[in-house]
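Here the structure is laid out as structure tokens; the discussion comes afterwards.
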Amino acid sequence: MKKVAALYICTGQYLRLWPEFLASAEKYLLKQCEVHYFVFTDADHLEGEEENPRIHRMYQQPQPWPYTTLKRFEIFLQCEEQLKAFDYIYFFNANCEFTQPITEEMFLPRPEKHEHMVFVLHPAFYWRPNYEFTYDRNPRCKAFIPMGLGRDYVCGGINGGEAQAYLKFCHLLDKRINQDLAKGIIALWHDESHINWYAFTHPKYRLLDASFCYFEGWKTKKPCYILIRAKERYFDVDTFKKDPPKTQLSPRVERYNHFMMRVSRYLHRRMPWLVRRERE
């Protein structure tokens, strides 16, 4: 039986999201596999931990926004030696909820296709041209992707892969994030911006469609396998994320990005043979 480590962060008020995540994962997530939950939390108790020996509570001190999400790779690497014992490692956002059975064939990398990592298309961008992707456009940032480039925009809330490949991914992004922080730089969408840089520069991965990461209340023709619950139902998100640190682009870079967006839009409209995904 394959062993899968599910990484989950729920410090502070995010703990309220854990019970529904666990219940849905136990019902639907990779039932052919042995799934263990590595839960990084400041709580002194987790629902289900007494009855379920596959729940591993790891102490994590709360951090102000956006550092818990930006520094998540450093958090994961604290238990690297334990994670090496698994075949696969996946990260799930705290507000994920599984709504239908997810099998190995649907969700794991396919070795016959030389896949080692798995990413999921972002539901707000999968059908848009790449000049509308919200990649980081700051040339000084380690997550920078130039305007007009990029094939996919993937979500930051669900990703995974073979254990060795995933830990290598964590080390690389943790290093690059710390290099940015040493210069006072924070990527536009934090870890998600760095994950998109990784996908852009390491294009051989399994890409799952947005039905594996669909926002609560959005309509879709496809079946939704993983629902992204509205955190506003659980706590005051605006107060928690109030006045986060940001990196401002210089006026020169802003002007250049605006010019390149217009060029990219012009070229895209005149190249009807470019692959376009339909909105579903």
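Counting begins at 1 with the first residue of the sequence. As the structure is a computational prediction, the values presented were derived from the model and not from experiment.
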Under 3.5 Å donor-acceptor, Arg137 side chain and Ile145 backbone: yes
Side-chain touch Val118/Leu208, heavy atoms, less than 4.5 angstrom: yes
Heavy-atom side-chain proximity of Asn178 to Lys71 below 4.5 angstrom: yes
same_hphob_cluster(Ile55, Phe76) at 4.5 Å side-chain heavy-atom cutoff: yes
Closest contact, heavy atoms only, Leu22 versus Glu47: CD2-O, 3.5 Å
Student check: side-chain heavy atoms of Thr41 and Gln60 closer than 4.5 Å: no
Side-chain donor or acceptor of Asp236 paired with backbone N/O of Thr239 under 3.5 Å: yes
Contact list for residues 238-265, test ring pair (Phe, Tyr, Trp, His ring centres under 6.0 Å), sequence neighbours left out: Tyr14-Phe240
Ring centre gap for Phe169 and Tyr198 strictly below 6.0 Å: yes
Ring centre gap for Trp218 and Phe215 strictly below 6.0 Å: yes
Pair Phe144 and Tyr135, ring centroids less than 6.0 Å apart: no
Interatomic distance, Gln78 atom CD to Leu83 atom CG [nearest 0.5 angstrom]: 11.0 Å
Shortest non-hydrogen contact between Pro62 and Asp42, atoms and distance: CG-OD2, 3.1 Å
Within 6.0 angstrom of His45 NE2, more than 12 heavy atoms from elsewhere: yes
Leu227-Leu17 co-clustered via ILVMFWY side chain contacts under 4.5 Å: no
Backbone N/O of Tyr234 and side chain of Arg16: donor-acceptor pair under 3.5 Å: yes
Cluster overlap Trp127 with Phe133, hydrophobic side-chain contacts below 4.5 Å: no
Spacing of CD1 belonging to Ile195 relative to SG belonging to Cys155, to within rounding of 0.5 Å: 8.0 Å
Contact summary for Arg128 and Ala124, nearest pair of heavy atoms: NE-O, 2.8 Å
salt_bridge(Lys2, Glu34) N-O dist < 4.0 Å: no
Residue pair Phe40, Tyr59: steps toward the ring pair (Phe, Tyr, Trp, His ring centres under 6.0 Å) verdict: CA-CA 6 Å; Phe40 301 87; Tyr59 179 76; over 10 Å; no
Non-hydrogen side-chain atoms of Ile177 and Lys142 separated by less than 4.5 Å: no
Euclidean distance, Leu77 CG relative to Asp174 CG, rounded to 0.5 Å: 6.0 Å
Smallest separation among heavy atoms of Val4 and Cys33, with atom names: CG2-CB, 3.9 Å
Distance in Å, Arg151 CZ paired with Asn196 CG, rounded so as to fall on 0.5 Å steps: 11.5 Å
Residue pair Glu20, Arg229: steps toward the salt bridge (charged side-chain N to carboxylate O under 4.0 Å, His left out) verdict: CA-CA 10 Å; Glu20 290 170 66; Arg229 291 172 283 160; 3.7 Å; yes
Asp87 side chain to Lys3 backbone, donor-acceptor under 3.5 Å: yes
Pro109 backbone acceptor or donor facing Arg206 side chain under 3.5 Å: no
Main-chain N/O of Leu188 paired with Asp136 side-chain donor or acceptor, under 3.5 Å: yes
Whether Glu192 side chain and Trp189 backbone form a donor-acceptor pair below 3.5 Å: no
Polar side-chain atom of Tyr131 near backbone of Val263 as donor-acceptor pair, under 3.5 Å: no
Within the 6.0 Å centroid threshold, strictly below: Tyr28 and Phe98: no
Whether Phe125 and Tyr153 hold their rings parallel, tilted or perpendicular, with breakpoints at 30° and 60°: tilted
Backbone N/O of Leu207 and side chain of Asp152: donor-acceptor pair under 3.5 Å: no
Passing option when Tyr166 is tested against Tyr88, Phe86, Phe91, Tyr90 for side chain to side chain contact (heavy atoms under 4.5 Å, CB included): Phe91
Straight-line distance of Arg140 CZ to Thr247 OG1, nearest 0.5 Å: 8.0 Å
Carboxylate-amine/guanidinium contact Glu216 Arg233, below 4.0 Å: yes
Common cluster, Met260/Phe200, ILVMFWY with side-chain heavy-atom separation under 4.5 Å: no
Side chain to side chain, Pro139 and Val253, heavy atoms closer than 4.5 Å: yes
hydrophobic_cluster_shared for Leu149 and Val154, side chain cutoff 4.5 Å: no
Side-chain touch Leu167/Phe73, heavy atoms, less than 4.5 angstrom: no
Ile226 versus Thr99, closest heavy-atom pair with distance: N-OG1, 4.2 Å
Presence of salt bridge, Asp191 and Arg72, under 4.0 angstrom: yes
Proximity of Phe212 and Tyr225 rings by center, below 6.0 Å: yes
Worked check of ring pair (Phe, Tyr, Trp, His ring centres under 6.0 Å) between Tyr8 and Phe92: CA-CA 6 Å; Tyr8 187 89; Phe92 298 98; 8.5 Å; no
Closest contact, heavy atoms only, Ala210 versus Pro123: CB-CA, 3.8 Å
Full working for side chain to side chain donor-acceptor pair (under 3.5 Å) between Gln164 and His116: CA-CA 9 Å; Gln164 184 178 0; His116 303 288; over 6 Å; no
Tyr37 vs Glu26, side chain to side chain donor-acceptor pair (under 3.5 Å): CA-CA, chis, key distance, verdict: CA-CA 10 Å; Tyr37 307 94; Glu26 287 290 273; 2.6 Å; yes
Spatial distance of atom CG (Asn159) from atom CE (Met117) [nearest 0.5 Å]: 6.0 Å
Pair His190 + Trp65: ring centers closer than 6.0 Å: yes
Side-chain H-bond candidate by donor/acceptor type, His56 with Gln82, under 3.5 Å: no
Expected output: side-chain Ser24 to main-chain Phe21 donor-acceptor under 3.5 Å: yes
